[in-house]
Amino acid sequence: MNLWFHRISRPLVSEICQRIITDERKKLLAGNPAGSLTQLIEKISEECSQVYNRRIRGVINATGIILHTNMGRSPLAASVWQEAATVNTTYSNLEFNLQTGKRGSRGGLIPDLLSLLTKAESALVVNNNAAAVFLMLSALAGDKEVIVSRGEQIQIGGGFRIPDILALSGCRLVEVGTTNITTTEDYLNAVSPDTAMALSVHPSNFVIAGFTAKPTISDLSSNLPEGVILAVDQGSGVTTEQISGETPIIRHIQDGADLVCFSGDKVLGGPQSGIIVGKKKLIEKMSSHPLMRIFRPGKTILSLLEEFLIRKLNKEETGHTELILNLPEKELKSKAQKILRGLNRECFSIVPATMLAGGGSSPLKSLASWAIKISLNRKATDILKQLREYDPPIIGIINEDSVHLNTATLFPEDTAHIRNALKSLLSGNKP
Ligand SMILES: *Cc1c(COP(=O)(O)O)cnc(C)c1O
C-alpha cells in the first residue's frame, strides 16, 4: 500500500479501501461466499491503479505526432528545467527591480530576448495563445470592427473559434472574401472609420487546396490605412526552424505586421504560454490592460521561458520539434532495430511510417519515419490498451488494423521500456 500512498495519497487509498470493503460486506450479507484476503487486496490495487492513471504522469509517445496537445505538446529540456529550479524554490525578483529596490515589471529579460529572436520592437507573454488573441482584440479593438477573411474563421482544438472569441471580446466581426478566395480589395472595401484591426489567422490544422488566393501580409501592410492594426495569429511559433509551408515570425514582422502572436509550447519548444511580439506602443497598451492581470503567467512559466530563450539564442538548446524533424531517417530505423534485437520478427516488424509536427502547427508537414508493427492474434484495440497499462504507459496508434509504434517521438530512455513491453505482450500472446 505504501506505493499507492506515495502515488495517489493516503486519504484516496483509504477511501478506495472503505468502498471496496463496504461492497464486500454487502455481498457477504446477501449470502455470497467470502473471497480471500489476497483477492480483496488485488481488487484494491486494481482500483488504485485506475485512479493513478488519472494522475498527470509521464507517458511514452509512440504516435509520431511531435506536438500532441493531449500529451502536453513540447517536452522541455531537462537542463532548462534544472536551471529554473532555483528561481522557483527560493524568493525571486519576479516583480522587484534590484536596481531601484522598488516594484519592477514581470518577465525579466523575456521581452528583450523575444525581440532579438523575432526582430520585433517589443514582446509580451500570457498564459496561452488563445489568451494572446483575446487580449489583442479586447485591448486594441474594444467595441470596434475587426476584419477577418471567411477562409480564416476557423476552430482550433476544443472550443476556440475565431468568430466566438471575437464576439466575446466585444469586437464586431467584419467578414470578407469567400472560403477559398479573399483579395486585398476585399479587405480595403471593408475598412470603415470604425475599423480597428485586420486579423490574419494561420489555418494551422487544415488546408484549403486548389483554386485559392489570399493577400500576403506585405500586401495588406502596404495597402491598409495607417490607423488599422494588422495582427497575425501565427499559431505555431516558427522562428529559426525550417518547416516547409510555415512562415516564420520574423518574416511577418519584416513584412509589416504590427503584431504577431503564437504559442510558446508548439514549434518554439518552450513552456505553455502565449507570446505577442510587435510594435512597442501596442504592446504597452496591452500590458496595462486589466485583462493582463488575469492572463499573466506565474514565475514557473516565466523562469522556464527565460532560460529556454537564452539557450536558444546561444544555440545551446533546440526546440523539441526541430530536434525531431532533423533526426536522420537512418537513426529512426536503427532505434526500431535496437528495440527488436532478438525478438520474434514474425510478431514485430519494422515498417516505413511518417511523423507529423501536429498540435496545430503545420497541417501538411509529414516526414519519413519508421515504426514497429505489432502482428499478434489479438484485437489492435486490446494491444493498445495493454500498452497503456504498462508503466510508463505507451501510447501507440492503429494503422490498417495493426498497432504501430512510431520511433520518431521516442526518447532514448524509452527504448528499453518498449522492448520490455513487447516481451510481455509476447508472453501473453494467445495464438
Ligand atoms: C494553437 C493555436 C491557437 C491556440 O493556442 P494555445 O496556445 O493552445 O492557446 C490559436 N491560434 C492558432 C492559429 C493556433 O495554431
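We're numbering straight along the sequence, starting at 1. Both ligands and their constituent atoms are indexed starting at 1 by order of listing.
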Numbering the atoms of ligand 1 from 1, which are under 4.0 Å from a heavy atom of A130?
5 (O), 6 (P), 9 (O)
So, applying side-chain contact (heavy atoms from CB on, under 4.5 Å) with I283, which one of S115, S288, S122 is it?
S122
Parallel, tilted or perpendicular, as decided by the 30° and 60° cut-offs, for the rings of Y390 and H417
perpendicular
Any side-chain to backbone donor/acceptor pair from N97 onto R103? Under 3.5 Å, distance only.
no
Provide the number and element of each atom of ligand 1 under 4.0 Å from a heavy atom of S263.
1 (C), 5 (O), 6 (P), 7 (O)
Keeping R73 on the side-chain end and L67 on the backbone end, is there a donor-acceptor pair under 3.5 Å?
no
Is the gap between the ring centers of H6 and Y52 under 6.0 Å?
no
Option with minimal heavy-atom separation from atom 8 (O) of ligand 1, where the choices are E152, R73, Q234, H202
R73
Counting from 1 in the order shown, the ligand 1 atoms closer than 4.0 Å to a non-hydrogen atom of K266 are 1 (C), 2 (C), 3 (C), 14 (C), 15 (O)
Looking only at heavy atoms, is any part of N129 under 4.0 Å from ligand 1, and if so is it the side chain, the backbone, or both, or is it neither?
both
Using a strict 4.0 Å cut-off to heavy atoms of F160, name the atoms of ligand 1 that fall inside it.
10 (C)
Return yes or no for this condition: an N or O of D233 is under 3.5 Å from an N or O of ligand 1.
yes
